[in-house]
Number of protein chains: 2
Amino acid sequence: MMNSCSQLNIDKLSKALKVLSEPNRLNILCSMGLECTQVSAIIEDTGLSQTNVSFHLRVMREAGLVKGERRGAFIYYCLYDTTLLALLEEMNQWLDTSFQKAAGSES
Amino acid sequence: MMNSCSQLNIDKLSKALKVLSEPNRLNILCSMGLECTQVSAIIEDTGLSQTNVSFHLRVMREAGLVKGERRGAFIYYCLYDTTLLALLEEMNQWLDTSFQKAAGSES
DNA sequence: TGCAAATATGTGTGACTACGCATATACTAA
DNA sequence: TTAGTATATGCGTAGTCACACATATTTGCA
């Protein structure tokens with residue numbers, strides 16, 4: 001039962017990873033970037049439907065990854081902690097460098 | 001279309017995150033740790049069924065996260081790149097520290 | 001007021017996924 | 001060769017998920 005990464009909170013970690021594993025959600029996060037962005041801008045930027053963007057925003061909001069605040073008629077969404085972008089970039093970097101094997105090919 | 005993390009390979013990244021978002025798979029990765037481990041040891045360590053472990057190992061193998069090599073009657077599985085554990089621990093650390101909001105509660 | 005814009009939500013559905021069961025394959029030993 | 005152990009694979013299934021459609025809610029403005 002004791003192993004090299006037993007300090008990992010598997011449940012919490014897997015839930016966060018699941019939320020982040022949806023390509024449209026990643027695109028939405030990228031669209032927001034470091035600044036707070038109104039939903040209509042995200043819709044335009046990603047090309048997704050309004051319903052779909054709203055759905056994904058809710059998932060990420062309930063996961064605590066993003067927050068939305070109303071400013072007049074608009075709601076501005078932004079990352080709860082922008083460190084997330086750095087983590088994603090780090091993971092992306094890792095996939096690009098020390099990760100030569102393409103999916104689907106194994107020994 | 002141009003945003004702050006446009007260098008991200010969304011497709012590749014989301015695929016890897018999806019594979020990692022399964023709690024049993026994370027447990028299996030933890031069970032392997034830095035060393036190559038035979039499947040039966042993973043089964044015993046995680047308490048999962050043989051079929052299930054084999055299933056998850058295949059998913060991770062085809063994703064290029066782990067590799068398996070036969071040694072006699074046994075097949076030893078290990079991380080393709082152990083940096084993955086560091087990345088997971090980093091993400092875990094981030095969730096523990098700068099991440100006070102519990103899932104399910106939002107404004 | 002009432003209308004229009006911005007965003008969220010309920011419902012249904014097709015696709016995917018994790019899992020168990022049964023079985024097949026690969027290897028070792030007698 | 002036969003039996004037994006280790007691991008993989010085909011198949012069926014229940015549960016989950018992303019999405020569209022329709023509709024509701026909130027806000028600003030005439």
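Reminder, nothing fancy here: chain letters follow the sequence lines and each chain counts from 1. Predicted, not measured: the structure shown is a model, and the values here were computed from it.
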Q. Please give, in whole Å, the distance from dT17(C) C1' to K15(B) NZ?
A. 16 Å

Q: Nearest whole angstrom, please: distance from the P of dA5(C) to the CD of E44(A).
A: 16 Å

Q.
I need the CG-P distance between L57(B) and dC19(C), as an integer number of Å.
A. 12 Å

(Q) What is the separation between atom CZ on R61(A) and atom P on dT7(C), rounded to the nearest whole Å? (A) 12 Å

**Q.** No-hydrogen, no-angle side-chain donor-acceptor test under 3.5 Å, R61(A) and Y77(A)
**A.** yes

(Q) I need the CZ-C1' distance between F74(B) and dT5(D), as an integer number of Å. (A) 8 Å

Q. Could you give the distance from CD (E44(B)) to OG (S31(B)), rounded to the nearest 0.5 Å?
A. 9.5 Å

Q) Taking it one step at a time, do K67(B) and C78(B) satisfy side chain to side chain contact (heavy atoms under 4.5 Å, CB included)? A) CA-CA 6 Å; K67(B) 59 184 171 188; C78(B) 42; 3.9 Å; yes

Q: With heavy atoms under 4.0 Å as the rule, sort S40(A) into base, sugar-phosphate or nothing.
A: sugar-phosphate

Q) How would you list, by chain and number, every residue that makes a side chain to side chain contact (heavy atoms under 4.5 Å, CB included) with I43(A), sequence neighbours excluded? A) V39(A), Q50(A), V53(A)

Q) Does S49(B) have any side chain to side chain donor-acceptor pair (under 3.5 Å) partners at least two apart in sequence or in another chain, and if so, which? A) none

Q | Gap between atoms CD and C1', on E69(B) and dA26(C) respectively (whole Å) | A | 16 Å

**Q.** Letter per nucleotide, 5' to 3', of nucleotides 16-26 of chain D [B base touched, S only sugar-phosphate touched, - untouched; heavy atoms, 4.0 Å]
**A.** -SBSBBB---S

Q) Counting any heavy atom closer than 4.0 Å, what does Y76(B) reach on the DNA or RNA strands: base, sugar-phosphate only, or nothing? A) nothing

Q. Within this structure, what is the CD1-to-C1' distance between I28(B) and dA8(D), rounded to whole angstrom?
A. 14 Å

Q: Verify the distance criterion only: is there a donor paired with an acceptor across the side chains of Y76(A) and E69(A) at less than 3.5 Å?
A: no

Q: Starting at atom CZ of R58(A), determine the distance to atom C1' of dT7(C), rounded to an integer number of angstrom.
A: 12 Å

Q | Check: T46(B) main-chain N/O paired with N27(B) side-chain donor or acceptor under 3.5 Å | A | no

Q: Would you indicate which nucleotide in dT7(D), dA8(D), dT7(C) comes nearest to any side-chain atom of Y77(B)?
A: dA8(D)

